[in-house]
K.L.:
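My questions will all concern the structure given below.
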Amino acid sequence: MRITLSAPVIALCLLLAATLLPCTAAAAPQSPQGTALDRRTDEAARAYFTDLKLTTHEGKVVRFYTDILKDRVVLIHFFYTNCKTVATLQTKVLSDLQPLLGDRLGKDIFLVSISVDPARDTLEHTRAYARAFAPRPGWTFLTGSKVNLDWVNYKLGNYKENPEEHETFFLLGNLRTGHWIKNKPETSARTLAEHLIQLADEKQVKR
């Protein structure tokens, strides 16, 4: 089921949509004006989501927008390693989602799990937590400094002082088209796969 986006994400979507022009029947070479629009859209997305440094479960330092989101179709979900209920059940759904995406995982579609408890979710704990769900290439668990993760979670509409109060939605988006949808925590792996494939098959609006 699709439900309404949070206010911060709506603001971003409106900003991205404002830079898009209607599709034409025949593709045309991209004009210098189109290139400038692309650049402004990219800059706006980077400024909104932040490009702060985070650390993957494999120990790699990445920039959130540049390395994790830019030009991708993503599913974002939130976890903390001490959770034994909703977050763990959702992470299991993502584990079941992987084979449904086939070879599109890591190529057209990417899964991103973000810690909401950086104080306790050290690299060691995050790596062990991720290993329990057998992530394939294309599924990244992110931890990092509290300051950086708090900002990232805030931008995604999910900052909470108490990790146990974090939001449990799945956030799906196509960064090229600016199309974002939000799925409820009980959404099945099969439904998530359908939504992600639909997003991945969208065509970018011609400029």
Side-chain angles (χ1 to χ4, degrees), residues 1-24 27 30 34 37-38 40-51 62-79 90-114 133 135-142 152-153 155-158 167-207:
M1 180 180 291
R2 301 181 185 187
I3 58 179
T4 305
L5 288 169
S6 60
V9 181
I10 289 174
L12 174 66
C13 293
L14 291 175
L15 178 61
L16 296 181
T19 67
L20 301 180
L21 300 177
C23 289
T24 56
Q30 192 174 56
L37 286 172
D38 284 340
R40 288 200 297 272
T41 299
D42 183 66
E43 290 170 354
R46 179 180 288 104
Y48 181 84
F49 286 114
T50 82
D51 213 18
V62 294
R63 293 278 184 179
F64 184 56
Y65 176 74
T66 300
D67 300 322
I68 300 298
L69 300 183
K70 181 179 170 64
D71 293 336
R72 290 180 169 182
V73 171
V74 297
L75 179 153
I76 297 173
H77 123 278
F78 307 93
F79 76 95
Q90 286 185 292
T91 311
K92 176 60 168 62
V93 169
L94 296 194
S95 182
D96 295 340
L97 171 62
Q98 294 181 104
L100 299 178
L101 297 175
D103 61 6
R104 301 192 75 164
L105 178 62
K107 179 182 178 183
D108 302 324
I109 298 168
F110 296 82
L111 309 181
V112 183
S113 295
I114 301 176
F133 298 96
R136 302 180 184 181
W139 184 6
T140 302
F141 289 75
L142 293 173
V152 167
N153 280 305
K155 290 292 189 173
L156 295 172
N158 197 27
E167 301 290 344
T168 55
F169 54 77
F170 294 108
L171 184 60
L172 289 65
N174 182 327
L175 273 293
R176 285 186 174 273
T177 65
H179 182 189
W180 289 87
I181 62 175
K182 205 158 137 182
N183 283 183
K184 290 185 175 181
E186 63 269 23
T187 305
S188 69
R190 186 164 299 280
T191 298
L192 290 173
E194 292 171 355
H195 290 175
L196 285 167
I197 290 169
Q198 289 170 6
L199 284 170
D201 288 343
E202 289 178 343
K203 300 300 181 183
Q204 186 175 14
V205 173
K206 301 298 181 183
R207 295 176 170 84

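Values in this document were obtained by computation on a predicted structure and should not be read as measured data. Below, each value reflects all heavy atoms present in this structure, side chains not excepted, and no hydrogens, waters or symmetry copies.
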K.L.:
For a 4.5 angstrom cut-off between non-hydrogen side-chain atoms, does Asp108 reach Val73?
P.N.:
no
K.L.:
Between the side chain of Asn183 and the main-chain N/O of Phe170, is any donor-acceptor distance below 3.5 Å?
P.N.:
no
K.L.:
Closest approach of Ser113 and Trp139, non-hydrogen atoms and distance?
P.N.:
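Scanning both residues, the minimum pair turns out to be OG-NE1, 2.9 Å.
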K.L.:
Nearest 0.5 Å please: distance from the OH atom of Tyr65 over to the CG atom of Asp71.
P.N.:
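It comes to 6.0 Å.
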K.L.:
Counting only N and O atoms by type, is there a donor-acceptor contact under 3.5 Å from the side chain of Thr187 to the main-chain atoms of Leu192?
P.N.:
no
K.L.:
Between Arg72 and Asp67 (side chain of the first, backbone of the second, donor and acceptor by atom type, cut-off under 3.5 Å), is there such a pair?
P.N.:
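Indeed, once roles are kept as given, a pair shorter than 3.5 Å links the two residues.
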K.L.:
How many angstroms lie between atom CD of Gln90 and atom CZ of Phe169, to the nearest 0.5 angstrom?
P.N.:
10.0 Å
K.L.:
Do you know which of Leu171, Asn153, Thr168 makes side-chain contact (heavy atoms from CB on, under 4.5 Å) with Asn158?
P.N.:
Asn153
K.L.:
How long is the straight-line distance from CG of Leu101 back to CG of Leu97, given to the nearest 0.5 Å?
P.N.:
4.0 Å
K.L.:
To the nearest 0.5 Å, how far apart are CG in Leu69 and CD1 in Ile76?
P.N.:
5.5 Å
K.L.:
Just jot down the side-chain hydrogen bond (donor to acceptor under 3.5 Å, both in side chains) partners of Lys92, sequence neighbours excluded, or say none.
P.N.:
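Testing Lys92 for side-chain hydrogen bond (donor to acceptor under 3.5 Å, both in side chains), a comparison that skips the adjacent residues, returns Asp96.
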K.L.:
Give, for atom CD1 of Ile68 and atom CG of Leu142, the distance between the pair rounded to the nearest 0.5 Å.
P.N.:
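Interatomic distance, Ile68 CD1 to Leu142 CG, rounded to 0.5 Å: 5.0 Å.
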K.L.:
Distance-only, no hydrogens or angles: does the Tyr48 side chain make a donor-acceptor pair with backbone N or O of Lys155 under 3.5 Å?
P.N.:
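Yes; judged by distance alone, with no hydrogens or angles, the pair exists.
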K.L.:
Any side-chain heavy atom of Leu199 sitting closer than 4.5 Å to one from His195?
P.N.:
no
K.L.:
Which atoms form the tightest heavy-atom contact between Ile109 and Ala200, and what is the distance?
P.N.:
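Nearest heavy atoms, Ile109 then Ala200: CG1-CB, 4.0 Å.
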K.L.:
So Trp180 and Val74, do their side chains get closer than 4.5 Å, heavy atoms only?
P.N.:
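SC-SC contact between Val74 and Trp180 confirmed.
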K.L.:
When you compare the side chain of Asp201 with that of Arg104, does any pair of heavy atoms fall below 4.5 Å?
P.N.:
yes
K.L.:
Has Glu202 got a side-chain atom pairing as donor or acceptor with Asn174's backbone, closer than 3.5 angstrom?
P.N.:
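Between the backbone of Asn174 and the side chain of Glu202 there is no qualifying donor-acceptor contact (under 3.5 Å).
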K.L.:
Ignoring hydrogens and geometry, is there a side-chain-to-backbone donor-acceptor pair from Gln98 to Arg136 under 3.5 Å?
P.N.:
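Confirmed, Gln98 side chain pairs with Arg136 backbone.
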K.L.:
I need the Lys70 NZ to Leu175 CG distance, nearest 0.5 Å.
P.N.:
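Output value for this atom pair is 9.0 Å.
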